[in-house]
Amino acid sequence: MSERLPPRAERRRRTERHILDAARTLFAEAGFERTTIRAVARAAGVDPALVMQYFGSKQELFRHAAEAAPPPEEGLDADELVDHLLGTLDTKIGELSPGSLAMLRSMLTHPEAGAAAREALARQIDRLSAAIPGDDARLRAALMAVVMLGVTIGHQLLELEELRAVPPEEIARLLRPGLRALTGPEVS
């Protein structure tokens, strides 16, 4: 009896996963500029044309490879929103995925990686601002996002001992009042 092949959709998801895993590893090791579509294809064991068929461009491949934490659910109240953000601290100051490290290392030095980071942050700001009342909700959402980004950069890239020497729960305890203040209507 011959083995049955998985359905086409499953094979497609598996191929996409292999390409993204290879891209994450290469972007983390070599950065955006030195990673090529051909190198990703070679590492994933596929043709470069298939990488382009799935992702369209190197920037789009990078954007998908660098996606990390799940977005906050829609309809969260202010406290739930802050809880969600602080719940991502374990990820942000723990062992980061190669894609996240690649994004952090590349976003300040390469325009295309910077554009991908801005797009990801804009989506996060959109979701955060939907849960914040007031005319300046987008600004306050942006401040919340960059506070969390700053903690991640300080811990992961700058390796600040003050951040690395304490557990995520302690950082969350200290951040909570400031983040909560940014979500309240009294700030507007």
Side-chain angles (χ1 to χ4, degrees), residues 17 20-35 43 62-73 76-132 134 136-187:
R17 222 175 16 254
L20 285 173
D21 288 345
R24 286 181 182 111
T25 300
L26 290 172
F27 282 130
E29 291 172 356
F32 184 88
E33 282 185 23
R34 293 190 327 235
T35 298
F62 182 82
R63 187 179 70 75
H64 284 279
E67 288 178 355
E73 298 172 24
L76 297 179
D77 68 24
D79 287 326
E80 292 169 328
L81 186 65
V82 170
D83 287 342
H84 170 80
L85 280 177
L86 294 175
T88 67
L89 269 177
D90 283 341
T91 302
K92 293 177 184 322
I93 64 176
E95 188 70 29
L96 280 185
S97 70
S100 295
L101 281 173
M103 175 73 87
L104 285 174
R105 287 189 179 118
S106 300
M107 70 183 182
L108 300 176
T109 60
H110 195 278
E112 289 182 31
R118 281 188 297 281
E119 288 173 21
L121 282 170
R123 287 190 303 275
Q124 182 180 26
I125 290 165
D126 287 342
R127 289 186 296 266
L128 292 173
S129 66
I132 299 172
D136 59 353
R138 283 196 62 75
L139 172 59
R140 292 186 285 139
L143 290 169
M144 293 172 74
V146 297
V147 163
M148 298 303 289
L149 178 62
V151 169
T152 306
I153 290 171
H155 188 279
Q156 297 290 349
L157 298 183
L158 300 176
E159 298 180 359
L160 296 174
E161 187 56 35
E162 294 80 2
L163 294 175
R164 295 180 78 81
V166 296
E169 301 78 32
E170 180 64 9
I171 294 171
R173 182 185 70 77
L174 294 170
L175 283 176
R176 184 176 304 283
L179 293 175
R180 180 59 183 98
L182 285 170
T183 65
E186 63 278 358
V187 175

Got [X] and [Y] here, is their nearest side-chain heavy-atom distance under 4.5 Å?
X: Leu128; Y: Leu85; answer: yes
X: Leu121; Y: Met107; answer: no
X: Leu86; Y: Arg180; answer: no

Exercise: identify the closest heavy-atom pair between [X] and [Y]:
X: Ala145; Y: Ile125; value: CB-CG1, 4.2 Å
X: Gly154; Y: Leu163; value: C-CD1, 3.7 Å
X: Arg140; Y: Leu182; value: NH1-O, 2.8 Å
X: Ala43; Y: Ala22; value: CB-CB, 3.7 Å

*Can you name the residues that form a side-chain hydrogen bond (donor to acceptor under 3.5 Å, both in side chains) with Glu119, not counting sequence neighbours?*
none
Would you compute the distance between atom [atom1] of [X] and atom [atom2] of [Y] and round it to the nearest 0.5 angstrom?
X: Arg123; Y: Arg118; atom1: CZ; atom2: CZ; answer: 12.5 Å
X: Leu143; Y: Thr183; atom1: CG; atom2: OG1; answer: 12.5 Å
X: Ile153; Y: Leu149; atom1: CD1; atom2: CG; answer: 4.0 Å
X: Glu159; Y: Leu157; atom1: CD; atom2: CG; answer: 8.0 Å

*Apply side-chain contact (heavy atoms from CB on, under 4.5 Å) to the pair Met148 and Met144, showing each step before the final yes or no.*
CA-CA 6 Å; Met148 298 303 289; Met144 293 172 74; 5.9 Å; no
*N/O donor-acceptor pair under 3.5 Å between Thr35 side chain and Leu26 backbone*: yes
*Can Glu170 and Arg173 be counted as an ion pair, charged N to O under 4.0 angstrom?*
yes
*Those residues that, when tested against Arg138, pass salt bridge (charged side-chain N to carboxylate O under 4.0 Å, His left out) (two or more places apart)*: Asp126
